[in-house]
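The chain is numbered in sequence order, starting from 1. All values below were derived from every heavy atom in this structure, side-chain atoms included, with hydrogens, water molecules and symmetry-related copies excluded. Model, not experiment: these values are computed from the prediction.
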Amino acid sequence: MNEPGRLPLFKHDNAAQAIAWRNNQAITVAHFLGEVAQLAGQLPPHPFVFNLCSDRYHFLLTFCAALLRGQTCLLPPNHAADTLTRLHARYPQSYGVSDKALRLEGMEIIPFPALPSLDLGAFFIPAIAVGHVAAIVFTSGSTGEPRPYPKTWGRLVRQARLQADMLGIEAGQHFLGTVPPQHMYGLEFTLMLPLHSGGTLHAGVPLFPADIRQALAELPAPRILITTPLHLRICLEENIDFPPLALTVSAAAALTSELAQRAEDAFGAPVMEIYGCTETGAIASRRTVRQEYWKTMAGAHVSCDDEDQAWVAEAHVNERTRLQDRIEPAADGTQFRLLGRQADLVKIAGKRASLSDLNRQLGQIPGVRDGIFFAPDDVPGTATRLIALVVAPGLEEREIIAALRQKIDVAFLPRPLYKLDSLPRTPAGKLPRATLINLLDSLQQPDQARWQTISVNHPALPGHFPGNPIVPGVVLLSRVWEAVCRQADAPLQCTGWPSVKFLAPLRPGVPFRVEVEFGAAQSARFTCTTSMGTLAQGSVRFAAVPPG
């Protein structure tokens with residue numbers, strides 16, 4: 001299996017071991033190898049494949065089948081039609097595999113096939129060339145244009161082994177991830193780490209606290225939760241009683257020591273925070289409740305040049321990689337303190353502040369579930385003013401401002417502050433600047449043009465549907481009725497919905513808007529849209545509420 005210049009597909013000792021957990025049952029190595037072989041035989045002979053599967057086990061099968069065929073998985077930052085179309089134009093010799101109904105003009109997309117059981121006979125783990133580009137992971141830059149970062153099989157395997165050593169992970173652990181495998185954090189910690197530590201991965205990508213608890217309950221102990229600070233906060237607010245955990249791993253956003261302590265107290269397991277980026281993958285970790293400094297993985301060293309630019313060098317990589325964060329490295333380069341992003345500092349009225357610190361202060365206000373400070377682009381001749389977007393259902397704007405006034409300099413108080421049902425985070429928990437700019441633009445428009453979202457914590461969402469949440473139609477219609485009443489600016493009572501057509505599903509957190517056009521005979525036409533097209537349209541009848 002350790003052939004020269006090749007590394008095994010996974011690290012498990014025998015065919016009877018569990019490599020994945022799906023539909024409340026274990027999938028053995030033998031069963032997995034049979035399905036990988038079948039799928040590999042059905043893939044078209046193209047060099048690139050868009051792995052668009054949402055089920056983590058389907059994603060794993062497609063990833064491994066592509067490796068056996070010598071193909072490279074393309075992992076876009078999102079599955080929006082515009083993103084896929086642009087990337088397909090850059091990689092014309094590509095096709096897609098999806099386990100959801102998905103069509104894209106000009107690109108061949110194969111529905112994930114049914115794979116009957118296959119007896120392979122002798123137990124044999126395939127090996128892959130270390131130099132093969134296993135995946136190209138894309139991230140959106142400040143312009144929104146996806147940037148590619150190739151990942152060779154040798155690098156992915158070495159990283160997984162180093163991460164297992166860094167976290168003290170041994171064979172037999174069971175992994176549940178709340179982050180998708182298409183992004184670097186999810187690829188490394190919910191796919192490669194289980195594969196190369198002899199572990200078992202859960203097929204689901206649960207989003208809601210109840211779904212996370214159910215998925216963990218399905219897994220045997222010891223259990224490892226791979227998640228984000230946002231998911232941790234939501235679960236703690238819901239007072240979810242998880243089955244015993246061996247370890248919680250957090251990344252994708254800053255984790256405060258307060259939140260980490262609450263999670264350790266509630267879940268009875270250490271919380272390890274991961275530092276990394278798409279360019280390098282994970283390179284350091286810390287136990288947030290005990291350590292301010294980050295400890296690098298074996299062989300990784302950080303440094304700063306004369307201009308305070310941060311760099312990381314890894315023993316198995318022949319070049320240094322530039323980091324986007326400001327750091328304070330220890331003398332030996334194996335530890336560092338994180339100071340914030342290079343573009344993190346803002347200057348207002350001659351005073352300086354860090355956006356990441358302002359976000360931390362905002363997140364510590366009791367009742368704030370999520371929030372971010374945003375620094376708009378400078379406009380000549382105007383004073384810079386920060387904007388805040390906040391999710392805090394039980395607080396008024398004035399209460400949030402009053403709490404901030406006790407924590408930060410008055411120069412950095414947000415002007416304005418917008419309260420939202422949820423922030424438009426990516427599945428990995430990121431908030432791309434281009435998305436925030438579009439959201440702010442809509443918030444500053446007249447009511448008809450404003451975008452809104454349905455929070456991932458909406459009480460109608462759990463169970464509709466577990467692992468693949470969709471906003472119920474009645475919730476969307478309630479937003480339509482709110483828009484009708486708001487625009488009528490008068491007390492109304494609904495008397496009927498003569499026509500309603502739902503044309504596409506709405507996911508929680510996806511921005512949408514409602515347009516209302518009043519007609520004759522106390523009726524109105526409505527249209528609900530997202531950036532991808534029309535969600536629903538129809539008409540509603542109403543009557544004035546009698547006085548008194």
S.K.: With distance as the sole test, does Asp421 use its side chain to make a donor-acceptor pair with the main-chain N or O of Ile454 at under 3.5 Å?
M.R.: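 No.
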S.K.: Could you check whether any side-chain N or O of His174 sits under 3.5 Å from a backbone N or O of Pro220, counting only pairs where one atom can act as donor and the other as acceptor?
M.R.: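 Side chain of His174 to backbone of Pro220: a pair is present.
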S.K.: Counting C-beta onward and ignoring hydrogens, is there a side-chain heavy-atom pair between Val205 and Val179 closer than 4.5 Å?
M.R.: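 No, too far: nothing below the 4.5 Å cut-off.
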S.K.: side-chain contact (heavy atoms from CB on, under 4.5 Å) for Phe138 and Arg147? Distances and angles first, verdict last.
M.R.: CA-CA 5 Å; Phe138 293 86; Arg147 294 179 295 167; over 6 Å; no
S.K.: After noting the C-alpha distance and the side-chain angles of Arg262 and Asp265, does the key distance pass the salt bridge (Lys or Arg N to Asp or Glu O under 4.0 Å) rule?
M.R.: CA-CA 5 Å; Arg262 288 173 59 200; Asp265 293 343; over 6 Å; no
S.K.: What distance do Met272 atom CE and Lys295 atom NZ have between them, rounded to the nearest 0.5 Å?
M.R.: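 Rounded to the nearest 0.5 Å, the CE-NZ separation comes out at 12.0 Å.
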S.K.: Considering non-hydrogen atoms only, spot the tightest contact between Val133 and Pro150 and give its length.
M.R.: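 That closest heavy-atom pairing would be CG1-CB, 4.0 Å.
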S.K.: If we count only N and O atoms by modelled type, under 3.5 Å, do the side chains of Glu273 and Thr288 hold a donor and an acceptor together?
M.R.: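 Yes - a donor-acceptor pair under 3.5 Å links their side chains.
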S.K.: Quick one: closest heavy-atom pair of Leu395 and Pro366, and the distance?
M.R.: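 What the structure gives for the nearest pair is CD1-O, 3.4 Å.
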S.K.: For the backbone of Ile408 and the side chain of Gln361, can you confirm whether one donor and one acceptor N or O come within less than 3.5 Å of each other?
M.R.: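 No.
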S.K.: Can you tell me how far the OG1 atom of Thr453 sits from the CG atom of Leu420, to the nearest 0.5 Å?
M.R.: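 That separation rounds to 6.0 Å.
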S.K.: Suppose we call two aromatic rings close when their centres sit under 6.0 Å apart. Are His183 and Tyr185 close by that rule?
M.R.: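 No, ring centres 6.0 Å or more apart.
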S.K.: Per the side chain to side chain donor-acceptor pair (under 3.5 Å) rule, what does the pair list look like for residues 404-415, sequence neighbours excluded?
M.R.: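 Passing the test, one end in residues 404-415: Lys351-Asp409.
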S.K.: Is the shortest side-chain heavy-atom distance between Phe59 and Gln182 below 4.5 Å?
M.R.: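 Yes, at least one pair of side-chain atoms sits under 4.5 Å.
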S.K.: Give the intermediate values and the outcome of ring pair (Phe, Tyr, Trp, His ring centres under 6.0 Å) for residues Tyr275 and Phe336.
M.R.: CA-CA 11 Å; Tyr275 176 82; Phe336 62 93; 5.3 Å; yes
S.K.: Side chains of Asn78 and Thr83: any donor to acceptor distance under 3.5 Å?
M.R.: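 Yes - a donor-acceptor pair under 3.5 Å links their side chains.
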S.K.: Which distance, rounded to the nearest 0.5 Å, do you find between the CG of Leu436 and the CZ of Arg425?
M.R.: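 Answer rounded to 0.5 Å: 9.0 Å.
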S.K.: Between His12 and Gly198, which heavy-atom pair has the shortest distance, and what is it?
M.R.: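 Scanning both residues, the minimum pair turns out to be NE2-C, 3.5 Å.
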S.K.: How about Phe189 and Phe175: are their ring centroids closer than 6.0 Å?
M.R.: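 Between Phe189 and Phe175, the centre distance exceeds or equals 6.0 Å.
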S.K.: For the pair Leu191 and Phe63, evaluate side-chain contact (heavy atoms from CB on, under 4.5 Å) and give the outcome as yes or no after the intermediate values.
M.R.: CA-CA 10 Å; Leu191 211 74; Phe63 180 69; 3.9 Å; yes
S.K.: Can you tell if the side chain of Gln173 reaches within under 4.5 Å of the side chain of Leu201, non-hydrogen atoms only?
M.R.: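 No - every pair of side-chain heavy atoms lies 4.5 Å or more apart.
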S.K.: About how many Å separate CG of Leu259 and CG of Leu230, when rounded to the nearest 0.5 Å?
M.R.: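 Reported value, rounded in 0.5 Å steps: 10.0 Å.
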S.K.: So which pairs with a foot in residues 218-249 pass ring-ring contact (aromatic ring centres under 6.0 Å, His included), sequence neighbours left out?
M.R.: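 Checked against ring-ring contact (aromatic ring centres under 6.0 Å, His included) - neighbours excluded - the pairs reaching residues 218-249 are Phe242-Phe267.
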S.K.: Yes or no on side-chain contact (heavy atoms from CB on, under 4.5 Å) for Ser303 and Arg320, after CA distance, side-chain angles and deciding distance?
M.R.: CA-CA 10 Å; Ser303 61; Arg320 293 192 308 165; 4.0 Å; yes
S.K.: What distance do Cys53 atom SG and Leu60 atom CG have between them, rounded to the nearest 0.5 Å?
M.R.: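 The distance works out to 10.5 Å.
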S.K.: With a 4.5 Å cut-off on side-chain heavy atoms, are Leu193 and Glu188 touching?
M.R.: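 Not in contact.
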S.K.: State, yes or no, whether a side-chain contact exists between Trp294 and Gln335 at a heavy-atom distance under 4.5 Å.
M.R.: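 With C-beta onward as the side chain, the pair stays apart.
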S.K.: Can you establish whether the number of heavy atoms outside Asp241 located under 6.0 Å from its atom CG is more than 12?
M.R.: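 Count not over threshold, so no.
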S.K.: Quick check: do Tyr149 and Ile136 have side-chain heavy atoms less than 4.5 Å from each other?
M.R.: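 No, every pair of side-chain atoms sits at 4.5 Å or beyond.
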S.K.: How far does NE2 of His202 sit from CH2 of Trp21, to the nearest 0.5 angstrom?
M.R.: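 Taking NE2 in His202 and CH2 in Trp21, the distance rounds to 9.0 Å.
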S.K.: Which is it for Leu195 and Leu9 under the side-chain contact (heavy atoms from CB on, under 4.5 Å) test, yes or no, and what are the steps along the way?
M.R.: CA-CA 8 Å; Leu195 285 181; Leu9 192 61; 5.9 Å; no
S.K.: Looking only at atom types and distance, does a side-chain atom of Arg6 sit under 3.5 Å from a main-chain N or O of Ala127, one as donor and one as acceptor?
M.R.: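 Looks like yes, one N/O pair under 3.5 Å.
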S.K.: Would you check, one step at a time, whether the test salt bridge (Lys or Arg N to Asp or Glu O under 4.0 Å) holds for Glu264 with Arg287?
M.R.: CA-CA 10 Å; Glu264 291 203 1; Arg287 187 170 176 184; 2.9 Å; yes
S.K.: Side chains of Ser250 and Thr227: any donor to acceptor distance under 3.5 Å?
M.R.: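 Side-chain D/A pair, Thr227 to Ser250: absent.
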S.K.: May I ask you to decide if Ala18's main-chain N or O and Thr200's side chain share a donor-acceptor pair within less than 3.5 Å?
M.R.: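 Answer holds: yes.
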S.K.: Under a 3.5 Å threshold, yes or no: a donor from one side chain and an acceptor from the other, between Tyr418 and Glu397?
M.R.: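 Absent: no donor and acceptor within the cut-off.
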S.K.: Side chains of Met297 and Gln163: closer than 4.5 Å at any heavy-atom pair?
M.R.: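 Touching, per the 4.5 Å side-chain cut-off.
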S.K.: Determine the minimum heavy-atom distance between Lys151 and Thr280, stating which atoms define it.
M.R.: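 Distance-wise, the nearest heavy atoms are NZ-N, 4.1 Å.
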S.K.: Over all heavy atoms of both residues, which pair between Gly177 and Arg56 is shortest? Give the atoms and the distance, please.
M.R.: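 Smallest heavy-atom distance, with atoms named: O-NH2, 2.8 Å.
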S.K.: Could you check whether atom CZ of Arg90 has more than 12 heavy atoms from other residues, nucleotides or ligands sitting under 6.0 Å from it?
M.R.: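 Atom CZ in Arg90 is crowded, with more than 12 foreign heavy atoms closer than 6.0 Å.
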S.K.: Indicate yes or no: at least one non-hydrogen side-chain atom of Val302 is less than 4.5 angstrom from one of Thr296.
M.R.: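 Yes; the side chains approach each other to less than 4.5 Å.
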S.K.: Does Arg233 reach the main-chain N or O of Gly363 with its side chain, forming a donor-acceptor pair under 3.5 Å?
M.R.: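 Between the backbone of Gly363 and the side chain of Arg233 there is a qualifying donor-acceptor contact (under 3.5 Å).
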S.K.: Run the salt-bridge test on Glu396 and Lys419 with the 4.0 Å N-O cut-off and return the result as yes or no.
M.R.: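 Lys419 and Glu396: not salt-bridged.
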S.K.: Got a sec: does the CD of Glu170 have more than 12 other heavy atoms crowding it under 6.0 Å?
M.R.: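 Not buried by this count: 12 neighbours or fewer within 6.0 Å.
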S.K.: Where is the tightest heavy-atom contact between Ile27 and Arg22, given as atom of each residue plus distance?
M.R.: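 Closest approach of Ile27 to Arg22, heavy atoms only: CD1-CB, 3.8 Å.
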